Every structure is written in C-alpha cells, then in structure tokens.
Student: 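Dropping the structure in here first, questions after.
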Amino acid sequence: MPSHVITLPNGITMPTLGQGTWFMGESSLAKKDEVAALQRGIDLGMTLIDTAEMYASGGAEKVTGEAIAGRRDKVFLVSKVLPGNASRRGTIAAFERSLKRMNTDYIDLYLLHWRGGYGLDETFEAMERLLADGKIRAYGVSNFDLDDMQEAVQYDNGNICVNQVLYNLASRGIEWDLMPWMKKRNIAVMAYSPLYQTRLLKSQGLKRVAQELSITPAQLALAWLLHQGTVPIPKTSSVKRVEENRKAWDIVLDAPVLAELDSIFPPPDHKMPLDVL
Ligand code: NAP
C-alpha cells in the first residue's frame, strides 16, 4: 500500500496525498461546497492543503482558513509567495498577510511560487528567518527546473524540502533529469495538476486500464503518482470526488499495469523543458 507520509530532508513528515485549492474562493456561491470538500478531505486523512496568495487574490486562502478552523492541528498547510513579493522584506510581509487570511499563526510549508526578479539569496534569507522564528516548519520552491534547483541549493543551507511542479501521466518530462536529481537529495516532488485539470481523464487508454482495474480514471492517475513516490494535490470542490480521490491511497499497481501505462504514456527519452500550465 502506498505510504501515507514521507519524511522531508529536515526531518518533518508530510502527507503523500493532498488537496489543491486553485480556483477556490472566486465565487461566494461556491464557498460552502469548497469548504465542505476540504473538510471531508481532512477527515479522510488528506490533511495537506495546498494554497497560494495568488489564488483568487487571497480568496483561496480565506476558504482554506474557514476549512481549517477548529482543526488547524490536524492540517499540513502549504502556501506560496508570488515572485513579485519575494524580496527579503516582501516575502515576510506577504507571509503575514497569508497568515491573517487563513487565521493561523504558522504555515507548515512555504514555497516560492515561481522564479522572478528577486535573487534567490534574498528570498531564502526571508525563508530562513521564518524558519528560525518558528513561523514555518519547512520551505521550498515551485516550477523550478534542474538548472534552477542547482542554483537554489547554493543558497538554502540544505533546507529546500520540496519542489512543486506539474507532473502527471501525460507530462512526464521531469523523469529525465529533475526527478532523479531531487530523489538523490531527498527533496520531495509535489505533483500539481495531477489530473491535468481533467484533460488526462479523457484519455481512452487511461479509461480502459481503469476499467480493467474497476477503479476510476482519476484514482488510477493519482495511484500512479503515489507509486512514483510523488505527492499529488488534486483539487476538487466536490465531497463525492474527494472521497473518490482518497481511495487512490488504497490502490497498488502491479508491474503489468505499470508497463501498460508506460506504453500509453511513454516516459521521456530526452531532456524536456519543465511543463507549466
Ligand atoms: P487538477 O487537480 O489536475 O484538476 C482539477 C480539476 O479536476 C477540477 O476541475 C476538478 O473539478 C476536477 N476533478 C478533481 N477530482 C476529480 C475526479 N475524481 N473526477 C473528475 N474530475 C475531478 O488541477 P489543478 O487544480 O491545476 O492542480 C491541483 C492543485 O495544484 C491546484 O489546485 C493548486 O493547489 C496546485 N497548482 C499549483 C501550481 C503551481 O504553479 N505551483 C499550478 C497549478 C496547480 P471539481 O472541482 O469540479 O471536482
């Protein structure tokens, strides 16, 4: 059975299946369903919630704040600073705004959303400060390709724990060089858009294999990411779909199934640039 937690380079543990929040917080009508879905996920053990100051301009963090109210201690909270805010002082100020929106006093994992104009030394100095002050438990990056990672580890005191990147069956480029490099350093791959924002679910091949296994295409896509040792963070605003996605944790894929998936979605045979949405 896929493990439910992994240990990060700094020794803290993180759930291996989480919940995304992009596009949450955009409409007041949808809020009730969004909060209910996140809470159901927490109750089912998908306690990692991934959000960002960018999503709905803080709206997703507010929805997250509502969802975790009264159960903060059960949740592994992830948020991200926008590159335009990622200066020494700007990172801290953005962080404090995120805390307010989520009505909490710490974030488990804080990420730089993507590389921007500020030097990584500046951003990481702020991250180190937050770490030293006990306001975050770990930090990391997002949308970093291998060359960015190689540069990043010059400034991080060995503290980068996660790189959150686009990774799913239909987009496997990171397997060529980024993923092996990260694996060697025990830096976790958090897989965003694990369902390729539903595009993947339309694949006839995926549907066929899922049917053979009597599971849903979403469950197969997530189970494969778990098998790869990554941390998928599917987003759904539906309680029913959270329940469906949670079952991916109970699925073991055997060698013939993995081979069939490789033939439908071939792994890379050359360096590919990091995929982004
Ligand atoms: P995703 O999780 O691949 O797909 C989300 C879509 O799939 C939603 O439309 C959702 O619809 C649907 N869905 C979820 N479960 C389903 C199921 N079991 N069956 C059918 N449809 C299902 O895409 P994503 O939101 O882009 O990625 C996940 C999270 O990663 C984001 O929410 C965000 O937290 C993070 N992310 C980070 C970055 C970054 O730059 N770091 C970029 C993109 C995403 P319903 O809500 O209607 O169920």
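As the structure lists them, so they are numbered: ligands from 1, and atoms in each ligand from 1. Being a predicted model, the structure only gives us computed values, none of them experimental. In this chain, residues are counted from 1 in sequence order. The basis for the numbers below is simple: all heavy atoms, side chains too, and nothing from hydrogens, waters or symmetry mates.
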Student: What part of Lys80, side chain, backbone, both or neither, has a heavy atom within less than 4.0 angstrom of ligand 1?
Tutor: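 For Lys80, the contact with ligand 1 is made by the side chain alone.
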Student: State, with a plain yes or no, whether a side-chain heavy atom of Met190 is found less than 4.5 Å away from one of Asn163.
Tutor: no
Student: Could you check whether the rings of Phe124 and Tyr139 sit parallel, tilted or perpendicular, using 30° and 60° as the cut-offs?
Tutor: tilted
Student: Would you say Leu195 has any N or O atom under 3.5 Å from an N or O of ligand 1, going by distance alone?
Tutor: yes
Student: With respect to Ser142, determine whether any N or O atom, backbone or side chain, lies less than 3.5 Å from an N or O atom of ligand 1.
Tutor: yes
Student: Would one find an N or O of Ser238, backbone or side chain, under 3.5 Å from an N or O of ligand 1?
Tutor: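 Checking ligand 1 against Ser238, no N or O pair falls under 3.5 Å apart.
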Student: Among all protein heavy atoms, pick the one closest to atom 7 (O) of ligand 1 and tell me residue, atom and distance.
Tutor: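 Nearest protein contact, heavy atoms only, for atom 7 (O) of ligand 1 is Thr198 CG2, 3.1 Å.
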Student: Short N/O distance, under 3.5 Å, between Pro194 and ligand 1?
Tutor: yes
Student: Considering non-hydrogen atoms of the protein only, which is the closest contact for atom 44 (C) of ligand 1, and what is the distance?
Tutor: Tyr192 CD1, 3.6 Å
Student: Which residue from Leu166, Leu201, Leu200 reaches closest to atom 20 (C) of ligand 1 through any of its heavy atoms?
Tutor: Leu201
Student: Are Lys80 and Tyr55 linked by a side-chain donor-acceptor pair shorter than 3.5 Å?
Tutor: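 Per modelled atom types, Lys80 and Tyr55 side chains form a pair under 3.5 Å.
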Student: Going by heavy atoms in the side chains, are Val276 and Trp114 under 4.5 Å from each other?
Tutor: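 Of all side-chain heavy-atom pairs linking Trp114 with Val276, none is under 4.5 Å.
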Student: Please confirm whether Tyr55 approaches ligand 1 to less than 4.0 Å, judged on its heavy atoms.
Tutor: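 Tyr55: in contact with ligand 1 (<4.0 Å).
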Student: What part of Ala218 sits under 4.0 Å from ligand 1 if we count only heavy atoms: the side chain, the backbone, both or neither?
Tutor: side chain
Student: Have a look at ligand 1 and work out which part of Asn245, if any, has a heavy atom under 4.0 Å from it: side chain, backbone, both or neither.
Tutor: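 It is the side chain that touches ligand 1; the backbone stays farther off.
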Student: Is there a nitrogen or oxygen of Lys235 sitting under 3.5 Å from a nitrogen or oxygen of ligand 1?
Tutor: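 Looking only at distances, the answer is yes, because the N/O contact criterion of under 3.5 Å is met.
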Student: Have a look at ligand 1 and work out which part of Gln197, if any, has a heavy atom under 4.0 Å from it: side chain, backbone, both or neither.
Tutor: both
Student: Without hydrogens or angle criteria, can the side chains of Glu61 and Ser98 be said to hold a donor-acceptor pair below 3.5 Å?
Tutor: yes
